[in-house]
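Before any comments, here is the structure.
Source: prediction; values computed, not measured. Protein chains get the first letters and strands the later ones, always in sequence-line order, with residue 1 at the start of each.
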Protein chains: 2
Amino acid sequence: MTSQKEPSAADDKRRLILDAAVELVSEGGYSALSIRALASRAGMSLGLLYYYFADKHAVFAALMRDQQATMVELLDSQPRDPGLRSLLLAMVEPTRRQWLQVGRLVGVWRAERPDVTVEAREQQLGSARMQFEALERALRECADAEGRTLRAEPEIVPFVWASLMGIADLHAQGWVTPIDEDRLTDITVSAIEEHVLVPIKE
Amino acid sequence: MTSQKEPSAADDKRRLILDAAVELVSEGGYSALSIRALASRAGMSLGLLYYYFADKHAVFAALMRDQQATMVELLDSQPRDPGLRSLLLAMVEPTRRQWLQVGRLVGVWRAERPDVTVEAREQQLGSARMQFEALERALRECADAEGRTLRAEPEIVPFVWASLMGIADLHAQGWVTPIDEDRLTDITVSAIEEHVLVPIKE
DNA sequence: ACCTGAACACCGTTCAAGT
DNA sequence: ACCTGAACACCGTTCAAGT
């Protein structure tokens with residue numbers, strides 16, 4: 001109900017902090033994101049940071065929400081006509097980027113902090129849900145455009161997501177021997193494609 | 001050449017530290033593994049820890065190597081007769097455990113530390129390579145047992161690994177809505193199975 | 001309401017000193 | 001060779017104090 005408002009001064013400050021955070025992480029990885037470095041990069045004092053965010057965890061959570069919102073836009077703007085395979089191929093790189101930037105860190109701190117606020121938890125869940133709904137929409141509409149249908153199980157979308165995360169992580173960690181990334185992507189996309197559509201009866 | 005020796009006193013001490021590390025991580029997650037807690041749990045002083053390990057990073061690396069060695073044993077001891085699907089189903093839970101305990105942390109600190117020693121890097125790579133070779137062996141022999149063959153591309157084993165990691169991570173992070181884990185596993189295993197074998201000609 | 005920085009309780013790591 | 005713990009330079013977080 002209160003959505004899509006003009007950004008307030010507080011929102012602007014928060015944006016400033018989040019932009020600085022993205023810069024720091026992309027420059028020096030997880031350990032480069034110290035509260036002190038973040039405050040100085042955002043041009044404010046240590047204490048003020050805690051005025052706008054509850055703690056470091058909250059900064060990460062906001063970063064995650066940003067990326068999920070970007071992913072929703074991307075999924076919604078993806079053309080449906082070229083079909084499922086094109087969609088999947090187009091999503092490999094963005095999901096990999098999301099994984100590299102904050103996704104893989106979530107699992108690390110998620111387990112640490114017990115619960116934060118109920119509100120924060122709800123916000124986080126809502127943002128994740130929107131992302132997965134956008135993915136489901138995109139999958140379904142792309143299948144439609146090919147005259148096919150998505151399998152009905154609720155585990156189909158998680159399966160697609162897990163597959164994309166799998167290659168994202170492999171890319172991040174590297175493989176022991178050089179492999180053809182495009183070939184790996186191709187194999188994965190084929191596997192997804194064929195297991196996500198209802199088989200054609202003849 | 002120097003392998004399979006009687007464990008030295010130093011090895012015993014290192015074991016003590018690593019066992020304490022596993023305990024701490026499983027009790028309180030990543031953040032519970034502080035050098036001080038580790039030293040006290042292992043019954044030694046802070047400084048001594050640095051006598052047996054170069055730094056915290058090295059403790060993690062050793063933990064990872066342990067788990068990879070366990071995985072090799074598990075893969076090698078898995079029966080081949082029941083075929084590929086049985087093998088994959090049996091590996092889902094162990095890979096998930098490995099992922100939860102240290103696997104997902106590797107990506108976080110890997111990027112931070114520049115290079116450590118060449119020797120350490122070599123040791124780590126060798127351990128990872130052994131694990132993936134064991135996986136490839138197991139996949140190949142299980143396929144054989146069914147009278148099928150594994151596809152020849154080098155990306156086939158990474159694909160299997162990425163798929164297993166994907167569901168491991170999804171399991172760790174949780175999904176926004178409750179899903180049937182067994183169903184997800186089943187879908188993933190089917191997808192792997194069919195894309196990893198050479199199609200039967202008729 | 002917005003902002004500061006000293007202070008607190010940690011942390012990983014080093015190192016002089018002991019046996 | 002093995003072992004200790006004080007000391008160092010950090011860290012995230014709090015909070016009295018300012019405007």
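Heavy atoms of A:Phe53 sit nowhere under 4.0 angstrom from any nucleic acid atom. Within 4.0 Å of B:Leu33, counting heavy atoms only, lie sugar-phosphate atoms of the nucleic acid but no base atom. Among the protein residues, B:Ser45 comes within range of the nucleic acid bases, having at least one heavy atom under 4.0 Å from a base atom.
Aromatic ring orientation, B:Phe60 versus B:Tyr30: tilted (interplanar angle from 30° to 60°).
A salt bridge does not link A:Glu181 with A:Arg96: none of the charged nitrogens is closer than 4.0 Å to a carboxylate oxygen.
Computed from coordinates, the A:Ile17 CD1 to C:dC3 C1' distance equals 12 Å when rounded to whole Å. The CG atom of A:Leu46 sits 12 Å away from the P atom of D:dT14 (whole-angstrom rounding). Put simply, CG on B:Leu49 is 14 Å from C1' on C:dT14, counting in whole angstrom units. B:Leu16 places its CG atom 15 Å from the C1' atom of D:dC2, with the value rounded to the nearest Å. For the pair A:Lys56 NZ and D:dT13 P, the computed distance is 8 Å after rounding to whole Å. Following rounding to the nearest Å, B:Ile35 (CD1) and C:dT14 (C1') show an atom-to-atom distance of 13 Å. Taking atom OH of B:Tyr50 as the reference point, atom P of C:dA17 lies 21 Å away to the nearest angstrom. When the C1' atom of C:dC2 is taken as reference, atom CG of A:Asp11 falls 15 Å away, rounded to whole Å.
At the phosphate of D:dC3, OP1 or OP2 sits under 4.0 Å from a side-chain N or O atom of B:Lys13. Taking only side-chain nitrogens and oxygens, B:Tyr52 comes nearer than 4.0 Å to OP1 or OP2 of D:dC3. Taking side-chain N and O atoms only, B:Tyr51 has no distance below 4.0 Å to OP1 or OP2 of D:dT4.
Rounded to the nearest Å, the gap between the C1' atom of C:dA9 and that of D:dC10 is 13 Å. Remark: the separation of the P atoms in C:dC2 and D:dA17 is 22 Å, to the nearest Å.
Nearer the 5' end of DNA chain D, as judged by each residue's closest nucleotide, is the contact made by B:Ala10, out of B:Ala10 and B:Arg36. Map A:Ser34 and A:Leu48 each onto its nearest nucleotide of DNA chain D; the residue landing nearer the 5' end is A:Ser34.
Across the strands present, C:dA6 finds its partner in D:dT14; the criterion is a Watson-Crick or G-U wobble pair with both atom distances under 3.5 angstrom.
Counting all heavy atoms, side chain and backbone alike, B:Leu135 lies closest to B:Leu75 at N-CD1, 3.6 Å. Across A:Leu197 and A:Arg148, no two heavy atoms sit closer than the pair CB-NH2, 3.7 Å.
Here the rule is salt bridge (Lys or Arg N to Asp or Glu O under 4.0 Å) with B:Arg15, and of B:Asp19, B:Asp11, B:Asp12 only B:Asp19 fits it.
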